[in-house]
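One structure below.
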2 protein chains.
Amino acid sequence: MQSESMDKREKLLQTALELFVKQGFNDTPTSKIAKEAGIATGTLFYFFPTKDELIISLYLKVKGQATESINVALTEVKSTKEVIKTYYEQSLKWSLRNPNEFSFLAQFSNSPYLKKIGADEISAQIAPVLPHFRLAIEEQQIVDIDVNLLYALISNQVFGVNQFLSANKFTKKEQHNIIQDTFFMFWKMIER
Amino acid sequence: MQSESMDKREKLLQTALELFVKQGFNDTPTSKIAKEAGIATGTLFYFFPTKDELIISLYLKVKGQATESINVALTEVKSTKEVIKTYYEQSLKWSLRNPNEFSFLAQFSNSPYLKKIGADEISAQIAPVLPHFRLAIEEQQIVDIDVNLLYALISNQVFGVNQFLSANKFTKKEQHNIIQDTFFMFWKMIER
DNA sequence: TGAATGACTGACTAAACAGTCACTAAATTA
DNA sequence: TAATTTAGTGACTGTTTAGTCAGTCATTCA
């Protein structure tokens, strides 16, 4: 049955994610992933030819999920400012809902593994937002800077605010306020 | 002679840094570090009892260098705004002058290794800047936000701009302009 | 039915690894 | 000078690791 094999593949990825976040790539042998998942080592290598390919598959899957989740929210949106605000809020909310996934992406992106995936695969993830940025610049809503710089600024502010929110215990209400306030600040930074 | 032993210790740290950045912690065995440095494996373990301690020593050394380099520049500075500007510029310039070190810090900070160093050691690195932030808030120069949030914002903007500058080939002049422009934006974001 | 295919297994292996240890050589100290 | 300490060595080892492989079981297909 296909759904069962999918389940095992998924279970392996899920288990690997948790172990990678807890112990890092080094200290997470494939044997441990398989054991923890209750699946034979051979099965792991049946689905993923090498450990590297497991790690890369996991990255592409998680990154894809994040991108999709954010882009879905973008379609429902009207004004240019709303698009950027929604992108900011949704990125932050996704990262808070999925701390393990977010932590894994950070670990992967700052390791030499990043170089193992194609530059085009990275830019494909970034691509969907850029037209919105370009439009905002054309409309003279925001300052005229390189859209890649703008992307770096928004991503890293999201990362920074996530760091701050994760390091402290806030109520939902407080969290929400901080997200709103920091977006307001971000907008003030880039508006014309 | 002490300076010779220091040399070997330093050589090991230097070599480890380069290999860690190129291949990551996983794929850099201690044997390779020693070999590349032209030093016996035993000597590596004479200076660093375990591989983990080598990695952590390297982190503390590099982080300390960065902090010191930035703090030195801060002492010469007068107005509150100038302090924040200098902190921003110096952080960015250090990261551009020391790409390997910066890359290593990012890799380490986003890996589970970070948890292996004391929380007090981290806050000790951050501590020197916070009073300046507090003063700027008291003077009502900038908005009244948690200084830790402010620290996260400035650090991550530095990281983002570094990313952008490193990913493209700019002249010194262009680089300088982007640093100035992005600080101007940052200030606009936080000013009252 | 029975042949073929695909999912899955876990004992196994060859290589790689972190760390050890018995040792040397040189410098310090007494 | 003799004793002691300190820096440095590299062959070696026990363990861990990624990856293999011969084979099981259940389903599909002819």
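Residue numbers start from 1 in every chain, and the chains themselves are labelled A, B, ... in the order their sequence lines are given, proteins ahead of strands.
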Closest listed nucleotide, where the reference is the side chain of B:Phe45 and the choices are C:dT20, D:dA18, C:dG10
C:dT20

From CZ of B:Phe48 across to P of D:dA7 the rounded distance in Å is 13 Å

Between D:dG8, D:dT20, D:dA18, which nucleotide gets closest to the side-chain atoms of A:Thr41?
D:dT20

Pick base, sugar-phosphate or nothing for A:Ile39, based on heavy-atom distances below 4.0 Å to the nucleic acid.
sugar-phosphate

Using whole Å, report how far CD of B:Glu10 lies from P of D:dA7.
15 Å

Distance test, side-chain N/O of A:Tyr46 to OP1/OP2 of C:dC8, below 4.0 Å
no

Using whole Å, report how far NZ of B:Lys35 lies from P of C:dC17.
11 Å

Nearest-Å distance, CZ (B:Arg9) to C1' (D:dA7)?
14 Å

For residues A:Ile33 and A:Leu54, determine if any side-chain heavy atom of one lies less than 4.5 Å from a side-chain heavy atom of the other.
yes

Applying salt bridge (charged side-chain N to carboxylate O under 4.0 Å, His left out), can you list everything that pairs with B:Glu89, at least two apart in sequence or on another chain?
B:Lys85

Between C:dA15 (P) and B:Lys32 (NZ): distance, integer Å
18 Å

Using modelled atom types and a 3.5 Å cut-off, is there a donor and acceptor pairing between side-chain atoms of A:Thr182 and backbone atoms of A:Ile179?
yes

Taking the side chain as every heavy atom from C-beta outward, state whether A:Phe102 and A:Leu96 have any pair of such atoms under 4.5 Å apart.
no

Distance check needed: C:dC17 P versus B:Ile33 CD1, whole Å only.
11 Å

With the side chain of A:Thr43 defined as its heavy atoms from C-beta on, choose the nearest nucleotide among D:dG10, D:dT17, C:dC8.
C:dC8

Could you give the CG-to-P distance, from B:Leu44 to C:dT20, as a whole number of Å?
12 Å

With no hydrogens and no angle check, is any side-chain donor or acceptor of B:Ser155 less than 3.5 Å from a backbone partner on B:Ala152?
no

What's the closest nucleotide to the side chain of A:Lys8 if the choices are C:dG19, D:dT6, C:dT9?
C:dT9

Rounding to a whole Å, what distance do you find between A:Lys51:NZ and D:dT20:C1'?
17 Å

